[in-house]
**Student:** 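After the C-alpha cells below, expect a handful of questions from me.
Throughout, a chain's letter reflects where its sequence line sits, starting with A, and its residues are numbered from 1. Quick caveat: nothing in here was measured; it's all calculated off a predicted structure. These values consider heavy atoms only, across backbone and side chains, with no hydrogens, waters or symmetry-generated copies.
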Amino acid sequence: MSSTQNEWPLWEVFIRSRQGLGHKHAGSLHAPDAQMAIQNARDVYTRRQEGVSIWVVPAESITASSPDDKEVMFDPANDKVYRHPTFYKLPDEVNNM
Amino acid sequence: MSETDKNLEARFEAYVAEEKKIEPKDWMPDSYRKTLIRQISQHAHSEIVGMLPEGNWISRAPSLKRKAILLAKVQDEAGHGLYLYSAAETLGVTRNQMLNDLHTGKAKYSSIFNYPTLTWADMGAVGWLVDGAAIMNQVPLCKCSYGPYARAMVRVCKEESFHQRQGFQVMLNLAQGTDEQKDMAQDALNRWWWPSLMMFGPNDADSPHSAQSMKWNIKRFSNDELRQRFVDMTVPQAELLGLTIPDPDLKWNEERGHYDFGEIQWEEFYNVIQGNGPCNKERIAARVKAHDEGAWVREAANAYAKKENEKRSKSATHAA
C-alpha cells in the first residue's frame, strides 16, 4: 500500500473546446504523470466532445496573484474610463466610429 | 474571535450577500470552509456510491442499447464524483482523507443509495425519480457562492438531464408493455417514491443548518420548497405513465396551487442514515473491495510513470 499512501500529483486541466478558441480551465485531477493526466482528462472532462485539445499543468507549477493584492493589482484601472470607446461623445454623424 | 476576524467575517458576509463568489484562496470563515468540505465531499461520495445500485444492472440490461446507456450513465457518475472531489480539495482537504472517511463509515452519502435495485424497472425509477430529485437539489447549487463548487455543479447538471430522461423512457416502455411489465414499473414506483421525497432532507423546522447555509448562499431554497416542487413536477408525469403514486393523501390543493401529500416516515430516514438501511453495509463493503482490489492498478501506474520518466532522462542525457 505504501505507494498509494502518497497522493498522485494534482494536475490542472485546460481544454480547447474548438479550433480558434483558447484553452480554458476545466478542473483538476490526480495522475502519476503528464501522459496519464491527459488520458484521465480525456475521460473526465471530454465525454461529450467538449474538447479538441488538452493541456495539463502540474498544479504546483502555477504561480497565482494573491487575493490580498486584488486592490493593488486591479484598482488602478478603475478610474481610467477614457480607455473605453464609450467615454467619447461624438457627433451623431460619426457615431459608427 | 479577535477583532480582525470579526471584521473579516462581517466583510465576508456582506460580500456574499451581494451575490459575489468566493474563490479558493480568498479569506473565509472556518465554519464556511467546514460546511462546504462536508457538503461537497458528501456529494462526491453520493456520486461514487451511486454507481453501485446501477452497476448491478449493467450486465443484465435487456438490450445492447440499454447497456450502453447505463454504462454511460455510471461513467458520468464517476466523473461527477471526480469533479466534486477536486472542488472539495480546493478547500484544503486531501483526496485520501475523503476516501478514508468514506471507507471507514465516518462520512455520509445520500441515503437513497442504501436501497436495493431489485428489478430492471428500478433502473427506470432511479433515473426518473432519484435523478429527478437530485437535479431539483442541484440546479440551485450552480449559483452557490463558492466558485469551484458552482462550476462543478454546472457540468454535473448539464450531464444529469440525460440520466432522468433515459429513466423516464425505461418507465414509459414498461408502462406501455405487458401487464407484467406494467406491474414491474408500478412496483418500482411504490418502492422509490418515498425514499426519493426523503432525498430533500428533513422538514425545514428540523433542519438546523439550513438557515446558515442560506445566508451564505450555499443553499438557495429550503428542503420543503424543493420537495414540493418535485412533487408538483412528478405527479403529472406519473399520470402520463398511467402509474399510481403510492400516497393516499396526494391531492391537488386549488387554494395553495400545489399538491398536498402525506407525512414522510422520518424514522425510516434516520434509521437509514444511521447505517441500518437495507444495503448500507453492502455498499461500503463493495466500495472498499473495489478500492483495495484496484491497488495493483495504481501501483502499476506508478511503476509505469517511473519507467517512462527514467527513459526520458536517459534519452535526454544521450542527446546532450
Side-chain angles (χ1 to χ4, degrees), chain A residues 1-18 23-51 54-75 78, chain B residues 8 15 22-28 71-90 93-100 147-149 151-152 154-156 158-159 161-162 291-292 294-312:
Chain A
M1 277 296 278
S2 64
S3 58
T4 54
Q5 293 288 312
N6 298 322
E7 271 185 7
W8 286 338
L10 188 69
W11 303 80
E12 296 299 333
V13 178
F14 298 83
I15 294 184
R16 185 201 297 288
S17 57
R18 60 184 162 86
H23 287 74
K24 192 175 166 224
H25 186 239
S28 53
L29 49 76
H30 292 275
D33 71 6
Q35 277 314 312
M36 285 185 259
I38 285 186
Q39 284 167 9
N40 290 354
R42 202 258 333 232
D43 290 341
V44 179
Y45 292 106
T46 64
R47 287 191 302 283
R48 289 175 176 76
Q49 297 181 293
E50 289 95 335
I54 298 174
W55 288 350
V56 292
V57 181
E60 58 172 27
S61 300
I62 291 179
T63 308
S65 64
S66 159
D68 298 336
D69 295 341
K70 218 185 278 174
E71 286 157 22
V72 182
M73 296 270 286
F74 305 110
D75 278 5
N78 249 353
Chain B
L8 283 169
Y15 185 82
I22 304 299
E23 294 296 341
K25 289 191 173 150
D26 293 340
W27 187 90
M28 61 186 88
L71 266 172
K73 180 173 190 291
V74 171
Q75 196 189 11
D76 273 353
E77 274 142 19
H80 297 174
L82 294 176
Y83 308 156
L84 289 161
Y85 281 132
S86 298
E89 284 174 78
T90 64
V93 65
T94 67
R95 183 77 58 104
N96 279 347
Q97 260 171 275
M98 290 187 278
L99 290 182
N100 198 45
Y149 191 26
R151 292 192 286 274
V154 170
R155 299 185 70 92
V156 169
K158 259 191 210 161
E159 298 179 355
S161 168
F162 119 70
H291 187 74
D292 289 349
W296 72 270
V297 179
R298 296 189 291 276
E299 277 157 27
N302 280 338
Y304 179 75
K306 196 167 157 239
K307 214 168 102 186
E308 288 295 300
N309 191 30
E310 280 165 7
K311 249 196 258 172
R312 263 194 304 276

**Student:** Heavy-atom distance under 4.5 Å to chain B: side chain of A:Glu50, backbone, both or neither?
**Tutor:**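 For A:Glu50, the contact with chain B is made by the side chain alone.
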
**Student:** State, yes or no, whether a side-chain contact exists between A:Val44 and B:Tyr83 at a heavy-atom distance under 4.5 Å.
**Tutor:**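 Contact flag for A:Val44/B:Tyr83 side chains = yes.
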
**Student:** Does B:Glu89 reach the side chain of A:Glu7, with side-chain heavy atoms less than 4.5 Å apart?
**Tutor:**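 Yes, at least one pair of side-chain atoms sits under 4.5 Å.
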
**Student:** With a 4.5 angstrom heavy-atom cut-off, which part of B:Thr90 approaches chain A: side chain, backbone, both or neither?
**Tutor:** neither

**Student:** Would you check if A:Gln35 and B:Glu308 make a side-chain contact, meaning some heavy-atom pair closer than 4.5 Å?
**Tutor:**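 No - every pair of side-chain heavy atoms lies 4.5 Å or more apart.
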
**Student:** Can you see whether A:Trp8 engages B:Asn302 through a side-chain donor-acceptor pair at a distance of less than 3.5 angstrom?
**Tutor:** yes

**Student:** Within the structure provided, determine whether A:Arg48 and B:Lys158 are in side-chain contact (heavy-atom separation under 4.5 Å).
**Tutor:** no

**Student:** Would you say the side chain of A:Met36 lies within less than 4.5 Å of the side chain of B:Tyr304, judging by non-hydrogen atoms?
**Tutor:** yes

**Student:** Salt bridge or not between B:Lys307 and A:Asp33? Use side-chain N to carboxylate O under 4.0 Å.
**Tutor:**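 No salt bridge links B:Lys307 with A:Asp33.
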
**Student:** Which bit of B:Asn309 comes within less than 4.5 Å of chain A, counting heavy atoms only: side chain, backbone, both or neither?
**Tutor:** neither

**Student:** Answer whether the closest heavy-atom distance between the side chains of A:Asp68 and B:Lys25 falls below 4.5 Å.
**Tutor:**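 When only atoms from C-beta onward are counted, B:Lys25 and A:Asp68 do not touch, as no gap falls below 4.5 Å.
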
**Student:** Whether the side chain of B:Ser86 engages the backbone of A:Gly27 through a donor-acceptor N/O pair (distance < 3.5 Å, no angle test) should be reported.
**Tutor:** no

**Student:** Is it true that, when you exclude B:Glu310 itself, more than 12 heavy atoms of the residues, nucleotides or ligands shown sit nearer than 6.0 Å to its CD?
**Tutor:** yes

**Student:** Side chain from CB out, backbone as N, CA, C, O: work out which of these in B:Arg155 comes under 4.5 Å of a heavy atom of chain A, or both, or neither.
**Tutor:**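 Just its side chain gets close to chain A.
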
**Student:** Looking at B:Lys306, B:Arg151, B:Gln75, B:Glu23, which makes the most heavy-atom pairs under 4.5 Å with chain A?
**Tutor:**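 Heavy-atom pairs under 4.5 Å are most numerous for B:Gln75.
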
**Student:** Taking side chain as everything from C-beta outward and backbone as N, CA, C, O, which of these in A:Ala26 sits under 4.5 Å from a heavy atom of chain B? Side chain, backbone, both or neither.
**Tutor:**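 Both parts, backbone and side chain.
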
